[in-house]
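Atoms considered below: every heavy atom in the structure, side chains included; atoms not considered: hydrogens, waters and symmetry mates. Chain letters run A, B, ... following the sequence lines, proteins first and then strands; every chain starts at 1.
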Amino acid sequence: MSTEIKSHLIDLLTQSLARVAPQSAASVIALERPKQAAHGDWACNVAMQLAKPLKRNPRELAQALIAGLPASPWLAGAEIAGPGFINLRLKPEAKLDAVRRVLAAGAQYGRAGGGRGRPILVEFVSANPTGPLHVGHGRQAALGDAISALLEAQNWKVTREFYYNDAGVQIDNLALSVQARAREQRGETGNFPESGYHGEYIREIAADYLAQGGDPADLAAVRRFAVAALRREQDEDLKAFGVKFDNYYLESSLYTEGKVEATVSALTASGKTYEQDGALWLRTTDYGDDKDRVMRKSDGSHTYFVPDVAYHVTKWQRGYTHAVNIQGSDHHGTVARVRAGLQALSTVTGVGIPRDYPAYVLHKMVTVMRGGEEVKLSKRAGSYVTVRDLIDEVGRDAVRFFLVSRKADTEFVFDIDLAKSQTEDNPVYYVQYAHARICSVLAQAAADATALAAAELAPLVHPRELALAQRLAEFPELLAEAAGDFAPHMVAFYLRELAGEFHSYYNAERVLVDDKSLRLARLALILAVRQVLQNGLALLGVSAPQKM
RNA sequence: GUGCCCGUAGCUCAAUUGGAUAGAGCACCAGCCUUCUAAGCUGGGGGUUGUGGGUUCGAUCCCCGCCGGGCACGCCA
């Protein structure tokens with residue numbers, strides 16, 4: 001394994017360090033991959049870090065460490081460089097070993113066991129059932145699904161959950177909006193609410209409601225109908241996007257099951273609450289919030305913050321000692337509140353919820369551009385662009401790939417023209433094209449996969465071939481890091497680079513050469529590249545087409 | 001005004017968590033298809049990392065102050 005090679009190298013350095021500087025033998029030695037090929041395959045900065053405590057010159061120390069390295073079948077050489085880096089160079093066999101490992105592991109290649117099968121709850125989208133999903137939800141769906149897949153690849157037992165806000169005033173608003181449209185369609189006065197929902201879809205729902213014999217005066221029935229209709233619509237949006245949830249948690253159930261009241265009682269018992277101006281407040285400032293928060297309004301109803309806390313208590317109680325929430329950064333204010341609420345409860349129940357529970361990934365807004373102009377409207381939703389609009393126009397693969405291709409905390413400019421382009425450059429097609437090209441070559445070679453897995457790799461001597469093998473070796477490390485940082489964009493960038501190196505190689509060298517052993521070795525290499533492209537694209541929810 | 005986030009090539013973005021000469025793609029210029037898919041490849045120019053200090057062997061990264069942008073500051077969600 002590359003991790004075995006890496007730990008092997010660390011072991012060599014550790015042994016050397018024990019001889020050279022016994023007093024620092026316990027130091028942790030880290031290896032990193034240098035940016036420049038001239039700096040070898042692995043680099044170590046331990047000499048610079050220990051120079052000060054040992055009061056030795058870093059270059060001199062590095063030289064001593066190199067001299068003290070035991071012999072190794074993998075290591076081709078070690079050099080001192082720059083201010084005191086130790087650059088390690090691997091033998092070709094050590095690099096090519098990655099190809100064999102990829103072919104042996106197949107779809108499992110890159111997976112690791114860091115999660116140890118522990119449960120983790122990933123909450124995302126969590127849209128109100130008041131309209132079709134917008135592009136912000138799309139970013140969240142793409143991020144959440146990819147993060148979930150990354151965690152699964154590290155052996156976490158992931159539950160994808162959608163928190164359904166079906167209890168608040170926004171639902172009342174929805175019901176009133178639909179009711180007004182229904183009345184209008186009957187030629188009556190609608191009394192459309194001040195802060196109602198104006199989208200065309202409201203009229204459609206009203207018409208459907210009337211068509212199946214609904215009575216506009218029955219607000220509860222209108223409400224049920226509208227919520228069901230929008231829930232169905234959002235499900236279809238998600239289905240079109242290829243995102244599946246394991247569980248939908250209904251906010252309304254927190255009320256019907258008494259969990260909201262229970263949370264209020266528990267918080268009151270915590271001694272962290274007080275009455276003021278006829279309302280019940282929680283001293284969230286004791287836990288880092290910038291002001292205290294109202295739990296129960298003077299009219300007796302609760303603020304949304306209480307069911308939010310109650311909901312997160314259920315996450316913990318359901319056994320999810322790890323949880324990630326993916327949310328728009330416009331909701332960042334809730335982070336401190338929810339955590340404060342959980343901490344206050346923790347003091348009562350003694351359950352010991354960690355201070356940083358749950359973890360958050362906050363993403364910024366998405367701006368959609370077409371022809372250099374910002375697109376703000378959709379036909380059905382009116383005031384915003386829907387995920388469906390985007391999928392219909394540029395395709396699911398492009399939308400998913402694009403939306404995870406940037407760090408979550410940067411504002412996102414979604415260029416429709418770029419996403420649609422099939423003749424210019426488009427990162428999605430670039431990666432998929434590499435996959436399709438390999439499929440084509442393999443089909444012509446009619447090669448047997450098991451034979452290739454056993455192929456002799458020694459004929460692979462070109463720098464491009466060794467570089468490709470090295471790139472494949474990095475994949476497991478990359479996935480572990482991307483999962484740890486909840487950062488699927490790293491996978492997108494990796495795939496872009498891997499595809500780029502493959503395309504270069506493809507143009508420079510012919511795979512189907514007459515020399516049989518070379519041909520087999522090259523087929524094995526590109527088969528391994530194809531496998532990693534597939535594995536990576538699968539994590540992002542993007543297809544890997546055989547033909548393009 | 002207060003809090004959080006962001007600021008990197010003309011544009012869109014990376015940068016191995018403090019490492020070596022800050023990298024890709026687009027756009028621009030010049031080349032490559034009678035050989036495995038040209039949705040591809042090769043080469044070229046392009047930077048005071050918003051700015052001023054500080055911390056140290058070393059800062060795009062950490063600390064402080066400014067400038068600019070976004071979001072949030074409700075007994076709304």
Side-chain angles (χ1 to χ4, degrees), chain A residues 30-36 38-39 43 45 48-49 51-52 57-58 81-85 87 128 130 165 167-171 173 195 251 276-281 289-291 293-305 307-308 328-336 362 364-365 369 372 402 405-407 409-415 418 421-434 436-445 474 477-478 481 484-485 489-490 492-493 496-497 499-500 502-513 519 522-523 526 547-548:
Chain A
L31 289 183
E32 58 189 19
R33 292 182 184 276
K35 291 177 201 164
Q36 296 178 50
H39 293 150
N45 62 4
M48 290 179 292
Q49 286 175 338
K52 198 165 194 178
N57 177 296
F85 286 100
N87 292 339
N128 295 335
T130 55
N165 289 111
V169 292
Q170 77 279 4
I171 300 298
N173 231 328
S195 50
E251 181 187 6
Q276 187 181 306
D277 306 327
L280 182 66
W281 297 69
D289 202 359
D290 47 9
K291 59 173 78 164
R293 304 292 167 179
V294 170
M295 294 165 55
R296 194 176 56 230
K297 302 182 241 177
S298 48
D299 68 2
S301 66
H302 298 108
T303 57
Y304 76 98
F305 151 71
D308 253 17
S329 64
D330 54 335
H331 286 79
H332 74 257
T334 67
V335 176
L362 300 178
K364 299 225 170 154
M365 299 294 105
M369 303 288 285
F402 269 58
S405 65
R406 307 221 166 111
K407 281 186 294 197
D409 59 7
T410 59
E411 283 163 49
F412 196 106
V413 178
F414 193 106
D415 184 338
L418 177 62
S421 81
Q422 300 197 0
T423 50
E424 300 284 319
D425 91 296
N426 183 329
V428 195
Y429 292 120
Y430 185 85
V431 175
Q432 290 181 323
Y433 184 49
R437 268 183 152 176
I438 295 173
C439 288
S440 174
V441 177
L442 289 169
Q444 285 172 61
E474 288 173 27
E477 304 158 24
L478 172 100
E481 193 178 347
D485 289 354
H489 77 277
M490 295 176 71
F493 276 90
R496 182 74 179 69
E497 281 167 22
F502 167 74
H503 285 309
S504 293
Y505 175 60
Y506 180 90
N507 268 64
E509 304 295 336
R510 194 177 164 79
V511 175
L512 300 177
V513 291
R519 174 188 172 111
R522 287 185 171 170
L523 283 168
I526 66 167
K547 284 184 184 171
M548 288 177 74

Point-to-point distance, once rounded to the nearest 0.5 Å, from CG of A:Leu362 to CG of A:Asp409: 9.0 Å
Residues forming a side-chain hydrogen bond (donor to acceptor under 3.5 Å, both in side chains) with A:Gln49, sequence neighbours excluded: none
Contact state string [nucleotides 68-77 of chain B, B base, S sugar-phosphate only, - no protein heavy atom under 4.0 Å]: -BSBSSSBSB
Backbone N/O of A:Asn165 and side chain of A:Gln170: donor-acceptor pair under 3.5 Å: yes
A:Lys407 side-chain proximity, nearest of B:G25, B:G40, B:A15: B:A15
Can you tabulate the close N/O pairs, meaning under 3.5 Å, that link protein atoms to atoms of nucleotides 30-32 of chain B?
none

Beyond-backbone contact of A:Val513 with A:Arg522, side-chain heavy atoms, under 4.5 angstrom: yes
Distance between P atoms of B:A22 and B:C32 (Å, rounded): 33 Å
Touch class at under 4.0 angstrom, heavy-atom based, for A:Arg510 against every strand present: base
Note, A:Asp330 side chain near A:Met365 side chain (heavy atom, < 4.5 Å): yes
Nucleotides 18-22 of chain B: which of its N/O atoms have a protein N/O under 3.5 Å away?
residue	atom	partner	partner atom	Å
B:G19	N7	A:Asn45	ND2	3.0
B:A20	OP2	A:Lys35	NZ	3.0
B:A20	N6	A:Asn87	OD1	2.8
B:A20	N1	A:Asn87	OD1	3.1
B:A20	N1	A:Asn87	ND2	3.1

Rounded interatomic separation in angstrom, taking NZ from A:Lys547 and C1' from B:G40: 19 Å
Results of ring-ring contact (aromatic ring centres under 6.0 Å, His included) for A:Phe85 - residues two or more places apart only: none
Whole-Å distance separating the CD atom of A:Glu497 from the P atom of B:G40: 17 Å
Pairwise side-chain contact, A:Asn173 with A:Thr130, heavy-atom cut-off 4.5 Å (strictly under): no
Atom pair CZ/CH2 of A:Arg293 and A:Trp281 - distance to nearest 0.5 Å: 9.0 Å
Short side-chain to backbone donor-acceptor contact, A:Thr303 and A:Val294, under 3.5 Å: yes
Distance between C1' atoms of B:G3 and B:G45 (Å, rounded): 44 Å
Parallel, tilted or perpendicular: ring planes of A:Phe414 versus A:Phe402, cut at 30 and 60 degrees: tilted
B:G23 versus B:G46 - spacing of their C1' atoms, nearest Å: 13 Å
Per A:Ser504 side chain, nearest of listed nucleotides B:U16, B:C41, B:A14: B:C41
Base-paired stems that RNA chain B participates in, counting runs of 3 or more Watson-Crick or G-U pairs under 3.5 Å: B:1-7 with B:67-73, B:10-13 with B:23-26, B:28-32 with B:40-44, B:50-54 with B:62-66
Interatomic distance at C1', B:U21 relative to B:U34, whole Å: 44 Å
Distance, P atom - from B:G1 to B:C57, rounded to whole angstrom: 39 Å
Nucleotide B:U37, atom P - distance to OH of A:Tyr430 in whole Å: 17 Å
